Protein chains: 2
Amino acid sequence: MSRIRHAGRPAVQQPVVVVDRGSPVPLYFQLAQQLEAAIRDGVLAPGTRLENEVLLAHRCGLSRPTVRHAIQHLVDKGLLVRKRGVGTQVVQAQVRRPIELTSLYDDLAAAGREPRTEVLELAPVRPEDEVAAELGTAPGSDVLRLRRIRFTGAEPLAVLTNYLPRDIAAVTGDELRRHGLYELLRRAGVNLRIANQTIGARGATAAEARLLDERRGAPLLTMTRTAYDDKGRAVEYGTHVYRASRYSFALTLVER
Amino acid sequence: MSRIRHAGRPAVQQPVVVVDRGSPVPLYFQLAQQLEAAIRDGVLAPGTRLENEVLLAHRCGLSRPTVRHAIQHLVDKGLLVRKRGVGTQVVQAQVRRPIELTSLYDDLAAAGREPRTEVLELAPVRPEDEVAAELGTAPGSDVLRLRRIRFTGAEPLAVLTNYLPRDIAAVTGDELRRHGLYELLRRAGVNLRIANQTIGARGATAAEARLLDERRGAPLLTMTRTAYDDKGRAVEYGTHVYRASRYSFALTLVER
DNA sequence: TAGTGGTCTAGACCACTCG
DNA sequence: GAGTGGTCTAGACCACTAT
C-alpha cells in the first residue's frame, strides 16, 4: 500500500543534519546554518514543507526549544514561514540581504564593485544645531566632520558627509581611503547597535552635480542616518547623497 | 550608610509589572507590553538599566525563559539593548516605527493625514514580461492592473501602480477609494508575510508631473515591491512614485 | 570573583488547522 | 480527531564583563 499524497500539501523533506557538540558554535546556530545552506543550495526547494519540530528535534538529537530557536532564526531572516496547525515551509520569494548596519564601502566590496574613496575633508568643526542635537554633544564642543566621495571604478557614486564626536575614535585620511567608516569604528571598539535612517530624494545642487558628474537638478537619492552603540551613545551622524541613476536600496520585509 | 553609585553604571529601575494569567494574551507579551509602555511613558528613561533576568522573573512570578522571550521581543524592536556580562539597558535613540507590511494608506491614516484616493484604472491586462515574471503567472494569462493617485488633503502625494493575479481577490473601485490595498487583501483572507522592496529615485515623466503637480524632471522617490503570502505565492507587484518634496521613508535598523 | 546574559534540556498543556 | 506550531516551566551549565 502506498500512502496518498494530498493535493496542495507539499512534500516533507528531510535534509541530513549533523551537529557537533564539541564546537563552540551554538547548537541552534549550527542547525540554522545547515538548513539555510540546504535552502540556498536548492536541496530544500521553495515551498517544501519541513518535518515537524518534535520529529526534527528527535532526529537531530536536540531538544525542541533548541530546534525552535533555529527555525525562528530563519523565520526572522525571511527564509521560512510557519503557520500554527499547518507546518513550516520554505518561502517562494527570493530573499535579498536586508539593509544592515554596514557601510556603503562594505556593501560595494561585498558585491565586488571595487570601491574607491576620495577624502575631501577631515577636520574638527563647530557643528550646526541639528548635528549637535543628533549627536547629543555638549554646547560649544567641536565634532569631527568628514566629507568623502565614493567611486566604483572611475564613476563617482555618492558624496558622504559624516560627523563623529571627537572622543569616539581617531581616524586618519589614509585609513578612510582604504576602509569603510563602520569598519574603522568597529576596530576602535565601537559596537554599533541601532540606527535611525531616512531615505528620500531631491535635485542635485550645483556643487553636488560637479562632484558627481551630473547636471544641476538631477535626481539624487538621499540617506540620513544617526547610529548608536551598545551603550546607547550616538556615535555617528551622516548625510549621504547617491546618484539615482547608479544606486538604489534593496530590502526584504518580514511580517512579525 | 548609603551605597556608592558607580560612575557610568546607570541606575536599575524596577517598574511595576502585573501579569494576568487568565488573559488569552501570552504572558511574555503582557510583560513586553508593560515594559514598552514604561519606556514610552518615560518611566524607564533612556539609559536605564533593567533588573537582571532572574530577579525580574521572580518578581513577576514568571520563569526566566518567559522573561527572556519578552526582553528579546523588545530588543528586536530596538527598544532595549543587551550585553552579556553587563545587563540590559533602555536605548537612548528615539525609535521610529520601521517600514512594515502596511500600505501607504494605512501609514497616512495612522499619522492622521487624511488619505484620499482617486482610482485611474482597474482592469485586467496582459502583463509585461517583468510583471508576469514577478507574479509567476501563467504565460498568456491576464492580471489585474490598478492605478491610483493618493492625496493628503488637496495635495497629490503619489502615483501607485499595482498588479494582482486575478484569482487573488476581487476588489472594486469603491473599496479602493475607502481603504488601502493591503487592508482589502487581508479582508479577502490573504496573509502577507514577506516583501522585497527596492527604493530609488528618478526624474518625473511628463505624465507623472501632470498627475503630481510637479515639473517634468522633478525628483521623485520610487518604490517597487513584490509581496508574498504565507503560502509563498506572489500576491502583489507594484511600483509607486512619490513626490520627493512631500515624502520620505523612515526606518530603524537593529543589529542582530 | 561576582554578576550578567547565552544556551540547553525534557518535559507539559494549549490553540489552531484540516480532513 | 490527528497533527501542527505557540506557550510555559524549573531547573542547569557556560561565556563574557567588570572590578
Side-chain angles (χ1 to χ4, degrees), chain A residues 3-10 12 19-33 48-58 60-76 80-90 189 191 193 229-231 256, chain B residues 3-10 12 19-33 48-58 60-76 80-90 189 191 193 229-231 256:
Chain A
R3 293 185 69 108
I4 305 279
R5 167 77 36 81
H6 295 259
R9 202 75 192 270
V12 173
V19 298
D20 172 10
R21 302 191 90 94
S23 162
V25 178
L27 300 177
Y28 84 88
F29 199 78
Q30 291 184 39
L31 174 53
Q33 280 181 317
T48 310
R49 217 156 63 87
L50 253 59
E51 291 173 277
N52 75 52
E53 298 175 349
V54 177
L55 281 178
L56 188 55
H58 186 258
C60 299
L62 297 171
S63 69
R64 188 181 162 206
T66 301
V67 169
R68 273 186 68 77
H69 194 166
I71 291 177
Q72 185 60 49
H73 188 76
L74 296 181
V75 169
D76 289 342
L80 295 176
V81 166
R82 277 201 285 206
K83 209 171 174 190
R84 191 200 306 221
V86 178
T88 304
Q89 279 188 56
V90 178
N191 299 305
R193 279 298 150 83
D229 72 1
D230 56 7
K231 295 187 185 65
R256 295 177 182 279
Chain B
R3 293 182 70 105
I4 305 279
R5 166 78 35 83
H6 294 257
R9 200 75 192 267
V12 173
V19 297
D20 171 12
R21 302 191 91 93
S23 163
V25 178
L27 299 177
Y28 84 88
F29 199 78
Q30 292 184 40
L31 174 54
Q33 280 181 318
T48 309
R49 217 157 63 86
L50 254 58
E51 292 172 276
N52 74 53
E53 298 175 349
V54 177
L55 282 177
L56 189 55
H58 185 258
C60 300
L62 297 171
S63 69
R64 187 183 162 205
T66 300
V67 168
R68 273 185 69 76
H69 194 165
I71 291 176
Q72 186 59 49
H73 188 76
L74 297 181
V75 169
D76 288 342
L80 295 176
V81 166
R82 278 200 284 205
K83 209 173 175 187
R84 191 199 309 220
V86 178
T88 304
Q89 280 187 54
V90 179
N191 300 306
R193 278 299 149 82
D229 72 1
D230 56 7
K231 296 186 185 66
R256 297 177 182 277

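None of these values were measured; they are calculated from a predicted model. Labels below follow one simple rule: chain letters A, B, ... track the order of the sequence lines, proteins then strands, and each chain is numbered from 1.
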OP1 or OP2 of [N] less than 4.0 angstrom from a side-chain nitrogen or oxygen of [X], does that happen here?
X: A:T66; N: C:dT9; result: yes
X: A:T88; N: D:dT4; result: no
X: B:R68; N: C:dG6; result: yes

Could you give the [atom1]-to-[atom2] distance, from [X] to [N], as a whole number of Å?
X: A:R82; N: C:dA15; atom1: CZ; atom2: C1'; answer: 15 Å
X: B:H73; N: C:dG5; atom1: NE2; atom2: P; answer: 19 Å
X: B:R64; N: D:dA12; atom1: CZ; atom2: P; answer: 13 Å
X: B:L80; N: C:dT4; atom1: CG; atom2: P; answer: 16 Å
X: B:L27; N: D:dG6; atom1: CG; atom2: C1'; answer: 12 Å
X: A:E53; N: C:dG11; atom1: CD; atom2: C1'; answer: 15 Å

**Report entry** Polar side-chain contact A:R84-D:dG3 base: donor and acceptor under 3.5 Å
**Finding:**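 Answer no: no donor N or O sits under 3.5 Å from an acceptor.
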Query - 5′-ward residue of the pair B:L62/A:I71 relative to DNA chain D - result: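 Mapping each residue to its closest nucleotide by heavy atoms, the 5'-most match is A:I71.
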Query raised in the report: Is the closest side-chain heavy-atom distance between B:S63 and B:V67 below 4.5 Å?
Result: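 The answer is no, as the side chains (C-beta and beyond) never meet within the 4.5 Å cut-off.
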**Report entry** 5'-most by nearest nucleotide on DNA chain C - B:V54 or A:R21
**Finding:**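 Mapping each residue to its closest nucleotide by heavy atoms, the 5'-most match is B:V54.
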Query raised in the report: Side chain of B:Q89, backbone of B:L50: donor and acceptor closer than 3.5 Å?
Result: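 Pair absent, no side-chain N/O of B:Q89 close to backbone of B:L50.
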Query raised in the report: Of the nucleotides C:dC18, D:dG5, D:dC8, which one has an atom closest to the side chain of A:N52?
Result: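 Given the options C:dC18, D:dG5, D:dC8, the side chain of A:N52 is closest to D:dG5.
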